[in-house]
Amino acid sequence: RSDAGSIGFRWVVGEDLSVDSRSASVDVSEGQEVYFNLRTGQEVSPNDPQNSLDWDLYFSGYSIKLNGGASGSGEAAALSAYESGMSFEDIVAPVGAGYRSDQVSSVFNNWYNYDMTTHTLSAKNHTYLINAGQQIYKMQLLDYYKSVEGTPVSGWITFRWRPLNDNSTVVTSASWSNVKLTFGSP
């Protein structure tokens, strides 16, 4: 889409959220496809994205995809932590199971609301856990707009994320619709 704009996002590296966050912008205003590596915090340009392990997230317009499942050959998968009532602040350790890779649609296909009257998107502030194969991150999608001289400009997806290092969290599940988080259990 040529009218999509740019995507901006912020992230925190490490466990102390009081430290300054890093930020980056990915421009998708001309319909570009942007691939991003969470570990390095850099855009990457894989020659063969479908078979590349260099990227974790894909951005185009308002679409976000993982490098895993139908969207790529990587190991990336996500757990929709918001479905269990977990906020970004609630998550202090990785969850051991329950991750889904992209299938026909992206794991992120429900991150925003669309207002048919105003034709605007608003982030639902969903929190996800992303298992990128070698590292698990928590991530919250915050916004789709950036204010430029007081006017909202679309195509700036803002999110926060950080790596999680403790593997003491386990997911037990009675069914896919009822995920129960149990901390510290084997």
Side-chain angles (χ1 to χ4, degrees), residues 1-12 17 21-38 41-46 49-50 55-72 74 76-91 98-132 136-163 176-177 179:
R1 294 180 14 166
S2 62
D3 63 340
S6 297
I7 297 174
F9 50 93
R10 296 167 43 113
W11 69 95
V12 174
L17 292 181
S21 61
R22 297 167 59 189
S23 63
S25 294
V26 287
D27 183 2
V28 294
S29 61
E30 302 286 326
Q32 302 94 308
E33 295 180 335
V34 176
Y35 298 88
F36 192 79
N37 183 301
L38 289 170
Q42 301 287 320
E43 287 183 36
V44 294
S45 300
Q50 186 65 32
W55 62 278
D56 300 307
L57 297 172
Y58 159 91
F59 299 90
S60 181
Y62 50 79
S63 296
I64 305 169
K65 296 182 180 180
L66 291 166
N67 187 0
S71 299
L79 173 72
S80 303
Y82 68 90
E83 291 177 354
S84 298
M86 301 283 294
S87 72
F88 188 84
E89 290 76 18
D90 291 338
I91 301 168
Y99 294 87
R100 297 181 299 129
S101 58
D102 287 347
Q103 301 302 315
V104 174
S105 63
S106 170
V107 172
F108 298 105
N109 69 345
N110 191 28
W111 74 269
Y112 62 86
N113 289 310
Y114 179 72
D115 185 320
M116 299 278 291
T117 306
T118 61
H119 301 290
T120 57
L121 299 180
S122 59
K124 294 180 179 179
N125 294 317
H126 285 172
T127 300
Y128 300 86
L129 291 174
I130 300 174
N131 184 340
I136 296 177
Y137 303 88
K138 66 178 179 176
M139 179 176 123
Q140 183 180 29
L141 294 158
L142 300 170
D143 205 349
Y144 180 70
Y145 297 92
K146 175 182 177 181
S147 181
V148 176
E149 297 179 10
T151 302
V153 177
S154 67
W156 290 84
I157 296 176
T158 302
F159 69 91
R160 62 181 173 161
W161 66 271
R162 70 173 221 176
W176 283 106
S177 63
V179 176

Inset, instruction - Measure across Ser154 and Tyr144 and return the closest heavy-atom pair with its distance rounded to 0.1 Å. - result: CB-CE2, 3.4 Å
Legend entry - Test item: Ser60 side-chain N/O and Ser63 main-chain N/O as donor-acceptor pair under 3.5 Å: no
Legend entry - Closest non-hydrogen atom pair between Val107 and Arg100, with its separation: CG2-O, 3.2 Å
Legend entry - Shortest non-hydrogen contact between Phe88 and Arg162, atoms and distance: CZ-CG, 4.4 Å
Inset, instruction - Check Leu66 against Asp102 and note the closest heavy-atom contact, atom names and distance. - result: N-OD2, 2.8 Å
Inset, instruction - Taking all heavy atoms of Asp56 and all of Leu38, pick out the closest pair and write down the distance. - result: OD2-N, 2.8 Å
Inset, instruction - Step by step, work out the side-chain contact (heavy atoms from CB on, under 4.5 Å) result for Asn67 and Tyr58. - result: CA-CA 8 Å; Asn67 187 0; Tyr58 159 91; over 6 Å; no
Legend entry - NZ/NE/NH1/NH2 to OD/OE distance under 4.0 Å, Arg160 and Glu89: yes
Legend entry - Least distance between heavy atoms, Leu141 atom then Phe108 atom: CD1-CD2, 4.0 Å
Inset, instruction - Give a yes or no on whether the backbone of Ser71 and the side-chain of Lys65 come within a donor-acceptor separation of less than 3.5 Å. - result: no
Legend entry - Under 3.5 Å side-chain donor-acceptor pair for Ser101 and Gln103: yes
Inset, instruction - Keeping the roles fixed (side chain from Ser84, backbone from Met86), state whether a donor-acceptor pair exists under 3.5 Å. - result: no
Legend entry - Residues forming a ring pair (Phe, Tyr, Trp, His ring centres under 6.0 Å) with Trp111, sequence neighbours excluded: none
Legend entry - Partners meeting side-chain hydrogen bond (donor to acceptor under 3.5 Å, both in side chains) with Ser122 (sequence neighbours left out): none
Legend entry - Approximate separation, where rounding is to 0.5 Å, of Ile130 CD1 and Met139 CE: 4.5 Å
Legend entry - Heavy-atom donor-acceptor pair, Trp55 side chain to Val44 backbone, under 3.5 Å: no
Inset, instruction - For side-chain contact (heavy atoms from CB on, under 4.5 Å), just list the numbers for Tyr99 and Ile136, CA-CA rounded to whole Å, side-chain angles, deciding distance to a tenth of an Å, and then say yes or no. - result: CA-CA 11 Å; Tyr99 294 87; Ile136 296 177; 3.6 Å; yes
Inset, instruction - Mark yes or no for whether Gln140, through its side chain, and Thr127, through its backbone, hold a donor-acceptor pair below 3.5 Å. - result: no
Legend entry - Expected output: side-chain His126 to main-chain Asn110 donor-acceptor under 3.5 Å: yes
Inset, instruction - Establish, yes or no, whether a centroid distance under 6.0 Å links the rings of Tyr128 and Tyr137. - result: no
Inset, instruction - Quick one: list whatever passes side-chain contact (heavy atoms from CB on, under 4.5 Å) with Tyr112, sequence neighbours left out. - result: Tyr62, Tyr114, Leu121
